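Each chain gets a letter, A, B and so on, in the order the sequences are listed, and its residues count up from 1. The structure presented is a predicted model; accordingly, all values stated were derived computationally and were not measured.
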2 protein chains.
Amino acid sequence: MSIAEPITCCAPLDQPALSAAEAVATAELFKALGDPARVRIVNCLATANEPVCICDLNGPLGLAQPTVSHHMKKLVDAGLVEREQRGKWAFFSLKRDAVETLAAVADLKGACC
Amino acid sequence: MSIAEPITCCAPLDQPALSAAEAVATAELFKALGDPARVRIVNCLATANEPVCICDLNGPLGLAQPTVSHHMKKLVDAGLVEREQRGKWAFFSLKRDAVETLAAVADLKGACC
DNA sequence: TCGATATATTGACGGATGTCGATATGTCTA
DNA sequence: TAGACATATCGACATCCGTCAATATATCGA
């Protein structure tokens, strides 16, 4: 929306490198990890070298089964996690490229320093 | 709270590396960047090599002055940004070490790959 | 096909969050 | 000291989010 605008006070900033749409997308990615339960889920998936059954997450997280299912959906929607059906069970694994993207953004895309 | 619990189905997970408190702290950090306005603010601070006056942010963001002030407080509270008073104006700058911490966490603390 | 089990969806609830207008606080200048 | 200006705080509002119980859907085994 209103990006351009004359700036008179202090030192003028360069046009922000991120567009409004990019900022929304970036925020969505960070928001996906903005909950302790999802941080721990991602941590579990990261430390495991194989896809993890969701049934292994229900207990340790101390959350009800629908709540865990809700968090997994959020992570999948954010593109951080992949879902795989194995018979009766649902297995989830980390999407390495998405995590690398997240780390790159957190590193401010090299603009920092 | 309830971390330990016998797991029978599928492949048992190792004890999560992150404690509950660590997960909360990590989530707080990510939550600070879970809003488009704050992403753009951090981007501005990152692309600028000097502290930035908050008056330069009010216009380009298209938000009311109290709202920008609110976001700056969130970023300061999260430890990502530092506030500095210069006479009548408030200048903000990125805390490089905090950003590096965030990038390291996003990189899953080296546990990934 | 039927029952058992695993997971997802729905609906509801309380609390957190982003936003703004109005106002307060703080700092410079005359 | 008084007025002007920059920023922060307050109060209110709508919306979003995490959580759970209840229920639906899907898959396996008998």
**Student:** Consider the side chain of A:K74, meaning its heavy atoms from C-beta on, and name the nucleotide among C:dC20, C:dT9, D:dG18 that approaches it most closely.
**Tutor:** D:dG18
**Student:** Do you know which of B:L63, B:V76, B:L57 makes side chain to side chain contact (heavy atoms under 4.5 Å, CB included) with B:H71?
**Tutor:** B:L63
**Student:** Would you mind pulling out the nucleotide paired to D:dA30, Watson-Crick or G-U wobble, both distances under 3.5 Å?
**Tutor:** C:dT1
**Student:** Report the nucleotide, chosen from C:dG18, D:dG18, C:dA8, that has the shortest atom-to-atom distance to any side-chain atom of B:H71.
**Tutor:** C:dG18
**Student:** Quick check for you: to the nearest 0.5 Å, what is the distance between B:F91 atom CZ and B:E82 atom CD?
**Tutor:** 14.5 Å
**Student:** Between D:dA8, C:dT9, D:dT19, which one does the side chain of A:A37 approach most closely?
**Tutor:** D:dT19
**Student:** In this structure, how many angstroms lie between the C1' atom of C:dT7 and the CG atom of A:L57, rounded?
**Tutor:** 13 Å
**Student:** Only one of A:L33, A:L75, A:V81 clears side chain to side chain contact (heavy atoms under 4.5 Å, CB included) with A:I41; which?
**Tutor:** A:L75
**Student:** Whole angstrom is fine here: how far is it from CZ in A:F30 over to C1' in C:dT17?
**Tutor:** 19 Å
**Student:** Could you tell me the separation between the CG atom of B:L33 and the P atom of C:dT17, rounded to a whole number of Å?
**Tutor:** 15 Å
**Student:** What nucleotide among C:dT7, C:dC20, D:dA8 has an atom nearest to a side-chain atom of B:R83?
**Tutor:** D:dA8
**Student:** Report the residue (A:K88 or A:H70) whose heavy-atom-nearest nucleotide on DNA chain C is the more 5′ of the two.
**Tutor:** A:K88
**Student:** Output the single nucleotide from D:dA8, D:dA21, D:dT9 whose closest atom is nearest the side chain of B:F92.
**Tutor:** D:dA8
**Student:** Any chance you could measure B:M72, atom CE, to B:L80, atom CG, to the nearest 0.5 Å?
**Tutor:** 10.5 Å
**Student:** Does A:Q85 make a side-chain donor-acceptor contact with the base of D:dA26, cut-off 3.5 Å?
**Tutor:** no
**Student:** Can you tell me how far the OG atom of A:S93 sits from the CD atom of A:E84, to the nearest 0.5 Å?
**Tutor:** 6.5 Å
**Student:** Taking for each residue the nucleotide of DNA chain D with the nearest heavy atom, is it A:E28 or A:R86 whose nucleotide lies nearer the 5' end?
**Tutor:** A:E28
**Student:** From B:S69 OG over to B:K74 NZ, what is the distance, rounded to the nearest 0.5 angstrom?
**Tutor:** 12.5 Å
**Student:** Do A:Q65 and C:dA8 have a side chain to base donor-acceptor pair shorter than 3.5 Å?
**Tutor:** yes
**Student:** In whole Å, I'd like the distance from the CH2 atom of B:W89 to the P atom of D:dA8.
**Tutor:** 14 Å
**Student:** For a quick check of understanding: with a heavy-atom distance under 4.0 Å over all strands, which category does B:R38 fall into, base, sugar-phosphate or nothing?
**Tutor:** sugar-phosphate
**Student:** OP1 or OP2 of D:dC20 sitting under 4.0 Å from any side-chain N/O of A:T67?
**Tutor:** yes
**Student:** For the pair made of CG in B:D35 and C1' in D:dC17, what is the distance, rounded to whole Å?
**Tutor:** 14 Å
**Student:** Of the nucleotides D:dT7, D:dT9, C:dA8, which one has an atom closest to the side chain of B:P66?
**Tutor:** D:dT9
**Student:** Without decimals, in angstroms, what is the distance between B:M72 CE and D:dA8 C1'?
**Tutor:** 13 Å
**Student:** Round to the nearest Å and state the distance from A:R40 atom CZ to D:dG18 atom P.
**Tutor:** 16 Å
**Student:** Roughly, in whole Å, what's the span from CG in A:D77 to C1' in D:dC17?
**Tutor:** 14 Å
**Student:** Between C:dG18, D:dC20, C:dT7, spot the one nearest the side chain of A:A64, thanks.
**Tutor:** D:dC20
**Student:** When you measure from the side chain of B:I54, which nucleotide among C:dA8, D:dT7, D:dA21 comes out closest?
**Tutor:** D:dT7
**Student:** Return the nearest nucleotide to the side chain of B:L63; candidates are C:dT19, D:dA6, D:dA22.
**Tutor:** C:dT19
